[in-house]
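This report refers to the structure that appears directly beneath it.
Labels below follow one simple rule: chain letters A, B, ... track the order of the sequence lines, proteins then strands, and each chain is numbered from 1. Small disclaimer: the values here were computed from a predicted structure and weren't measured.
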Amino acid sequence: MKHGHEPLAREELPVDTAALARYLIGKRVVRKLPEGIVSGRVVETEAYVIDDAAGHAYRGMTPRNRSLFLERGHAYVYLAYGVSWMLNVSSETEGVGAGVLIRALEPIEGIAIMATNRATERRRDLARGPGRLAEALRIDRSLDGLDLTRKGPLWLAGDDHEVGEIGNSVRIGISREAERSLRFYLRASPYVSGARSLNP
DNA sequence: AGTGCGATTGACT
DNA sequence: GTCAATCGCACTA
């Protein structure tokens, strides 16, 4: 990497949730921890679009989901099933609630730190799945609302690596609006979560 | 104030 | 393949 994890500029982020979900494939999530930098390539995302009954913003702003209404490029972090933290990127203009769930990363930097955070040595299991990636990067509520277009504890950056073919499918683990094809993933990546049928 | 339910994971049959 | 863990939050009253 010749660049120094320069953050993505907000202006380059598509002002459209599905477009942003696709755009983020191949980009980098960078986490600064006391032990060092941890980062990975985004290989899987899901869009939770405007007026989406499956989206947390569907019934309006609440204390939990207010970060979804921030200008695009901010973190929305919440706890799923009382067990796993989920990292989302707000995706529309200020006041409009929508976001992109980051579902899996290909581990790039700080592998040893991730392995410690995850209590496993298996490379493929470090950040395959939204809860796992949050654990690997030690992401929790304290990062909710963070501007991901600025260097800080967590941000989004570019990546010089060529991006392979991007597939799309229905979203995973939801019941409402389950038929919509709003999941995006890198076809060739072994670091993508989900059943085989969803990764043709 | 009580209740039902997940944008998941890991353990287990 | 099935299933329990675990808890914050939105919703009902």
* **Reported CG-to-CG distance for the pair A:Leu182 and A:Asp52, which is rounded to 0.5 angstrom** => 6.5 Å

* Structure fact -> Symbol by symbol from the 5' end, with Watson-Crick or G-U pairs under 3.5 Å, [ ] crossing and | another strand, DNA chain B is ||||||.|||||.

* Hydrophobic cluster membership, A:Met114 vs A:Val30, 4.5 Å side-chain cutoff -> no

* Closest contact, heavy atoms only, A:Ala98 versus A:Glu92 -> CB-CG, 3.7 Å

* Among A:Thr149, A:Val15, A:Leu148, which residue meets the side-chain contact (heavy atoms from CB on, under 4.5 Å) test with A:Arg10? -> A:Thr149

* To do: Give the first and the last nucleotide of DNA chain C, reading 5' to 3', that has any atom under 4.0 Å from a heavy atom of chain A.
  => C:dT6 to C:dC11

* Test side chain to side chain contact (heavy atoms under 4.5 Å, CB included) applied to A:Glu35 and A:Thr116, step by step -> CA-CA 11 Å; A:Glu35 306 95 302; A:Thr116 300; over 6 Å; no

* Heavy-atom contacts under 4.0 Å between residues 122-134 of chain A and DNA chain B, which residues? -> A:Gly129, A:Pro130, A:Gly131, A:Arg132

* Asked: Any ion pair linking A:Lys27 and A:Glu12 (charged N to carboxylate O, less than 4.0 Å)?
  -> no

* Structure fact -> Under a 4.0 Å heavy-atom cutoff, the residues of residues 82-91 of chain A touching DNA chain C are A:Gly82, A:Val83

* For A:Glu121, enumerate each residue passing the side chain to side chain donor-acceptor pair (under 3.5 Å) test, keeping only those at least two apart in sequence or located in another chain. => none

* Asked: For A:Tyr48, is the NZ or CZ atom of A:Arg171 found under 6.0 angstrom from the centre of its six-membered ring and inside 45 degrees of the ring axis?
  -> yes

* Can a donor-acceptor pair be found between the side chains of A:His5 and A:Glu109 at a distance below 3.5 Å? -> yes

* To do: Map A:Arg118 and A:Tyr76 onto DNA chain B by nearest heavy atom, then report which one ends up closer to the 5' terminus.
  => A:Tyr76

* Asked: Linking I/L/V/M/F/W/Y whenever their side-chain heavy atoms sit closer than 4.5 Å, directly or via other members, would A:Val77 and A:Met86 fall into one cluster?
  -> no

* To do: Would you name the heavy atoms of A:Val89 and A:Leu20 that are closest together and state the gap between them?
  => CG1-CD2, 4.3 Å

* When hydrophobic residues are tied together by side-chain contacts of less than 4.5 Å, even through go-betweens, does A:Phe184 share a cluster with A:Leu105? -> yes

* Are A:Arg103 and A:Tyr185 in a cation-pi setup, meaning NZ or CZ lies under 6.0 angstrom from the ring centre and within 45 degrees of the ring axis? -> no

* Asked: Does A:Leu70 belong to the same Ile/Leu/Val/Met/Phe/Trp/Tyr cluster as A:Tyr58, with side-chain heavy atoms less than 4.5 Å apart forming each link?
  -> no

* **Check against side chain to side chain contact (heavy atoms under 4.5 Å, CB included), A:Tyr76 and A:Asp144** => CA-CA 5 Å; A:Tyr76 166 49; A:Asp144 184 48; 3.8 Å; yes

* Can you give the first and last nucleotides of DNA chain B, 5' to 3', that have an atom under 4.0 Å from a heavy atom of chain A? -> B:dG6 to B:dG10

